[in-house]
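Position 1 is the first residue of the sequence; numbering continues from there. What you see is a predicted model, and the numbers here were worked out from it, not measured in a lab. Every heavy atom of this structure was used, including side-chain atoms; hydrogens, water molecules and symmetry mates were not.
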Amino acid sequence: MAQDFEKSYKSQVTTAAYTLITSNSDDAIVGIRLTNITTSAITVDCWVDVAGAGTTASVVYLADDLSIAPKSSVELIQGGSKVVIQSTDLLRVQSGTADSCAAYVSYIDAIS
């Protein structure tokens, strides 16, 4: 069976949490790139909110207060690694500085 590759992005991540993916099945995240689009260092958080519960106990950070140098990128998933998310899980991102980060995610929808 062919896999359904998808993308999600936010060109200007703000200081408010933004949901990049809301899983509706068993999905596999195969890439997350965070890029500082400013001329100053920034910090970024990226996390999975398991079952979209929104509680401290349900949040699993992929990056917590990650510093990104000016005009630089960070790849959070490397070397063929994958992060599996399941129905109602949320992949979220937030920057410490408004409009300072671009986020791009590649994932497989409904893995089989």
Side-chain angles (χ1 to χ4, degrees):
M1 172 181 242
Q3 298 300 328
D4 183 14
F5 286 87
E6 298 288 341
K7 71 174 189 242
S8 179
Y9 67 94
K10 176 79 171 160
S11 60
Q12 294 183 332
V13 176
T14 68
T15 55
Y18 180 79
T19 301
L20 289 163
I21 301 172
T22 301
S23 180
N24 60 3
S25 58
D26 291 341
D27 303 329
I29 302 169
V30 295
I32 302 173
R33 179 171 296 269
L34 303 174
T35 303
N36 180 345
I37 57 175
T38 71
T39 56
S40 301
I42 63 168
T43 58
V44 179
D45 296 332
C46 184
W47 68 94
V48 175
D49 184 350
V50 178
T55 65
T56 303
S58 70
V59 170
V60 179
Y61 281 92
L62 303 175
D64 185 11
D65 208 21
L66 175 68
S67 182
I68 304 176
K71 300 295 183 181
S72 297
S73 294
V74 173
E75 188 74 30
L76 294 184
I77 300 174
Q78 301 177 17
S81 296
K82 295 162 190 63
V83 173
V84 174
I85 56 176
Q86 296 180 317
S87 191
T88 70
D89 289 353
L90 307 174
L91 176 65
R92 306 194 81 197
V93 65
Q94 181 174 355
S95 179
T97 306
D99 303 330
S100 62
C101 178
Y104 194 93
V105 179
S106 301
Y107 65 101
I108 302 170
D109 188 28
I111 57 175
S112 58

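Here the CG-OG distance, from D26 to S87, works out to 8.0 Å after rounding to the nearest 0.5 Å. The OG atom of S23 sits 7.5 Å away from the CG atom of D109 when rounded to the nearest 0.5 Å. Here the CG atom belonging to D45 is positioned 11.5 Å from the OG1 atom belonging to T15, to the nearest 0.5 angstrom. With values rounded to the nearest 0.5 angstrom, T19 atom OG1 is found 10.5 Å from Q94 atom CD. Note: S73 OG to I37 CD1 = 10.5 Å, rounded to the nearest 0.5 Å. To the nearest 0.5 angstrom, R33 atom CZ is 9.5 Å from S106 atom OG.
Side-chain atoms of D27 and S25 form a donor-acceptor pair, as typed in the model, at a separation below 3.5 Å.
The other members of the hydrophobic cluster of L91, by chain and number, are V13, Y18, L20, I21, I29, I32, L34, I42, V44, V48, V50, V60, L62, L66, I68, V74, L76, I77, V83, I85, V93, V105, Y107 (side-chain heavy atoms under 4.5 Å, ILVMFWY only). Through direct or relayed side-chain contacts under 4.5 Å between Ile, Leu, Val, Met, Phe, Trp and Tyr, Y61 connects to W47, V59.
For P70 against S40, the heavy-atom pair with the smallest separation is CG-C, 3.6 Å.
Looking only at distances, no side-chain donor or acceptor of N36 sits under 3.5 Å from a matching main-chain atom of S72. K71 contributes no side-chain N or O that, together with a main-chain N or O of A69, makes up a donor-acceptor pair within less than 3.5 Å.
Side-chain contact between T14 and D99 is present, with at least one heavy-atom pair separated by less than 4.5 Å.
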